[in-house]
Amino acid sequence: GRGRGRGRGQMTFNVEAVGIGKGDALPPPTLQPSPLFPALERRAAPLPGGEEGEYMLALKQELRRAMRGLPYFIKPGAPRRDIERYSDKYQLSSPVDSAIDWNPDWRRLPRELKIRVRRLRKGRTAPLVPKQHVALDKEETIKKLESLEKKEEEVTSEEEEEKEEEEEGKEEEEEEYDEEEHEEETDYVLSYFDNGESFGPDSDDNGDEAVY
Amino acid sequence: MTQAELRLCSLLLQEHFGEIVEKVGNSLLRTGPRPLRLLVGDTGLLPDQVKKALCVLIQHNLVRYEAQPRGSVEYEARSERILRILRYPRYIYTAKTLYGDPGELLVEELLLHGHLPMSCAIARVADRLTETMEDGKTMDYMEVSSTFVRLADTHFIQRCPMVPDSPQSAKAPPAPAPALAIAEKDMYIVPRLNLVGKGKRRHSCDEEEEGEHKAKRQKQEGGSSEIPPDDGIYWQVNLERFHQHFRDQALVSAVASRMDQTSSEVVRTMLRMSEVTTASGASHTQPLSSNEIFRSLPAGYNIGKQVLYQYLALLADDPLEFVGKSGDSGGGTYTVSILWGELSIPGQKHSQAFGSRCARIFRLLLRKKHLEQKQVEDFAMIPAKEAKDMLYRMLSENLVSLQEIPKTPDHAPSRTFYLYTVNVMAAARMLLHRCYKSVANLMERRQHEMRENKRLLEKSQRVEAILASMQATGAEAAQLHEVEEMITGPERQQLETLKRNVNKIDASENQVDETIFVLESFIESTLRRP
């Protein structure tokens, strides 16, 4: 029998060995999961204060703040609102596209990870003359017109960058949306251009291979 | 990987690198090493976003890659390295105490960027130091450079594995992923650079300077697009070496609390002498003769040789075996046993959680290995009822366990010994798991607090910005006061409370990380022991 009748509540081993004496009141059985915030029996030990503790605290918060500002912090794209508002043009959200904001050493990374690098504005203005073998689409044409326009103004030689760009291949192109927005003075904000590149499966995926 | 670790890694990635990197890291942590294709499919992100995230993770040594024989590249997340993000403040603070401000900033820059070339790191640090100096003064590269060299000599920073030099033949297609490698002996060699220069100050409202800088920078860009002299040589922080330093610190303070200041100085000297000669996983330092120790004691401690012998003898005889005598040459050689030192530390942590009496029982069980219920009461000198209560509580938390020793072959309960014992590894692991969970909870709570008060925080930031710009343009006190009034009294209270809470939570996170360090290194060194 399961503890009904004589000898109710007996265990298989001698409970005295574990220290439960005869006639000792055992705690009542637990009928519900333990509370979410159990009462603290003793207060937690005080936090270490002092110079070291304060300094590390300041360091920690400073680090957190600093890392949010670095290019390694990848912000998700701003959600597409249902209606395009006039104020969107003036909002300073960093243009989120598929460029990368810092210049890693591509020699140390697998080749497949290579994406184009967005040059940070530092006083340089002229974008590249796009190469002929690049497939022409609307953006290219506009860029070409702009660059021809700017070539008259700029004197800096871009030879070194051009060589680099050649090596990187046709996918890496300078796109300086924020420059164009401010310098163009048209109402056509170029980042609105959706030439359908990002729609649909990327050409990187092989449609032939089975998806596991 | 336990759930707690996964959750903590996830939170750390999200807080420091954003949600996209978090998603990619999560996928790698939960499902193991995989190629890019599967990652894209799994996370549902755009391929370019995943590539960006992987670049960031690899840059910071949080993910490693490996070229598979069939040409694809597999990526694997390094969970233990991700958890180290929690310890960054401690590394930076240690660098500050050892090498001053240049050291602190060098380590900070290397941690923020993952890895950097030496020239780049020195330039950045010099610029930052110049910012804080008085007008007209600049920080010279030489000083920063010498600190860099010292950091490398004491192994606190090390070189990253390098791209192999061998040129690819034109016919063979380039490998999908470079195989980076570096020899142990090359890791701390600083390249001979001729770094001349001073830190640059950033001028915010000086138009002429801007123009000048632009012109200079264009020239510099022309110059810097040449290959810098240390191209391809990157440096990273050597976390293991910092851990060794923390271990030494913990040992010294344990000795100090158990004995006295002078003996802790002796131990500290011994550890300092063997800093670079002890392999990171060793359980003992190399034997040091007492003559050597005598010579290396810091200048302020003029204790006689005899006194030193006495101290060493005391330390060697101590039952906790911090120091062991390993020979008699040169007046007796001694080693510091790193393992045992660590064993005493979980006992301390335990006492903080359960109370000092529980800690007494715990330490007793550690020493005597197995004890019966009655014996526990006797040895610990705790009344039976209390002892019972504590033992059961610890039992329910799995800190102690029961060992059955049958007297008869039929294991009859009335004729069996039941002994309490501590399974140290299990207890340590359990505590560690709890620590991970605590930190994750703390982080979530902190983020919750910030989210709840987001509106108020934004408002106060705006007001501060307005105040700053008004002060810069020279506004009157009345106007400033008016702007300050924009934040009402109760709102100020709320902000104060928020700040206090967030500080408390942050400080707690730091403290729990200290415990995590002790437990992790204990478990690691026990596993490594042959």
Side-chain angles (χ1 to χ4, degrees), chain A residues 11-14 17-21 41-42 44-45 47-49 52-57 59-61 63-64 66-68 70-77 97-100 102 104-105 107-115 122-124 156-157 160-161 164 198 202 204-206 209 211-212, chain B residues 15-21 36-38 40-41 46-49 51-56 58-60 65 67 73 88-90 92-93 108 112 163 174 176-178 180 213-214 217-218 221-222 225 232 234 352 355 373 384 388 391 402 413-414 416-418 503-504 506-511:
Chain A
M11 309 250 157
T12 54
F13 60 99
N14 184 8
V18 212
I20 307 175
E41 285 166 358
R42 59 179 54 80
L47 288 171
E52 183 175 336
E54 302 263 334
Y55 197 83
M56 294 236 285
L57 175 63
L59 266 178
K60 188 174 163 89
Q61 295 180 336
L63 265 178
R64 212 164 40 224
M67 288 191 97
R68 290 193 100 94
L70 285 176
Y72 309 119
F73 194 97
I74 303 180
K75 303 184 186 66
D97 61 357
S98 32
I100 194 174
W102 49 291
D105 189 347
R107 295 170 295 184
R108 296 177 64 90
L109 293 169
R111 272 185 318 147
E112 61 186 1
L113 290 184
K114 217 163 183 180
I115 43 187
K122 260 192 186 174
R124 301 184 40 247
T156 325
S157 77
E160 267 148 354
E161 273 101 326
E164 243 182 41
S198 56
D202 219 19
D204 281 350
D205 292 343
N206 292 332
E209 290 191 24
V211 176
Y212 299 107
Chain B
E15 195 161 75
H16 295 267
F17 296 106
E19 282 178 7
I20 296 184
V21 174
L36 179 62
R37 230 182 45 243
L38 290 180
V40 174
L46 298 174
D48 275 338
Q49 287 179 317
K51 287 184 197 173
K52 251 201 271 194
L54 281 172
C55 285
V56 168
I58 295 176
Q59 168 82 13
H60 283 83
Y65 59 83
V73 180
Y88 282 5
R90 200 170 171 195
I92 300 175
Y93 182 73
E108 187 178 331
L112 281 178
V163 180
L180 304 175
H213 272 196
K214 254 200 212 176
R217 217 162 260 140
Q218 283 180 347
E221 294 247 2
S225 55
Y234 293 90
Q352 286 161 3
Q373 165 76 34
K388 244 188 289 181
L391 276 172
L402 273 177
S414 57
T416 317
F417 286 117
Y418 290 93
N503 282 352
K504 219 190 268 193
D506 267 329
S508 316
E509 286 175 31
N510 278 341
Q511 187 177 25

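The structure presented is a predicted model; accordingly, all values stated were derived computationally and were not measured. Chain letters run A, B, ... following the sequence lines, proteins first, then strands; residues in each count from 1.
Ile92(B) is listed as a side-chain neighbour of Leu63(A), based on a closest heavy-atom distance under 4.5 Å. Put simply, the side chain of Asn503(B) reaches to within 4.5 Å of the side chain of Gln61(A), judged on heavy atoms. Inter-residue side-chain proximity for Phe73(A) and His16(B) is flagged as unmet; no heavy-atom pair is nearer than 4.5 Å.
The contact between Leu112(B) and chain A is made by backbone and side chain atoms together, counting heavy-atom distances below 4.5 Å. The part of Leu70(A) that comes within reach of chain B is its side chain, from C-beta onward, which places non-hydrogen atoms under 4.5 angstrom from that chain. Tyr55(A) touches chain B through its side chain: at least one heavy atom from C-beta onward sits under 4.5 Å away, while N, CA, C and O do not. In this structure, chain B has heavy atoms under 4.5 Å from both the backbone and the side chain of Glu52(A).
Taking both residues in full, the closest heavy atoms of Asn510(B) and Lys60(A) are given as OD1-CD, 3.5 Å, listed atom of the first, atom of the second, then distance. Between Pro110(A) and Val73(B), the shortest heavy-atom contact is CG-CG1, 4.0 Å. Considering all non-hydrogen atoms of both residues, Cys55(B) and Leu109(A) come closest at SG-CD1, 4.0 Å.
To the nearest 0.5 Å, the span separating OH on Tyr234(B) from CG on Asp105(A) amounts to 3.0 Å. One distance of note links OH of Tyr72(A) with NE2 of His60(B); it measures 5.5 Å at 0.5 Å rounding. Atom CG of Leu57(A) is separated from atom NZ of Lys504(B) by 12.5 Å, given to the nearest 0.5 angstrom.
For chain B, the option among Arg68(A), Glu54(A), Met56(A), Arg108(A) with the highest count of heavy-atom pairs below 4.5 Å is Arg108(A). Here Arg64(A) is the residue among Arg64(A), Met67(A), Arg107(A) with the most heavy-atom pairs under 4.5 Å with chain B.
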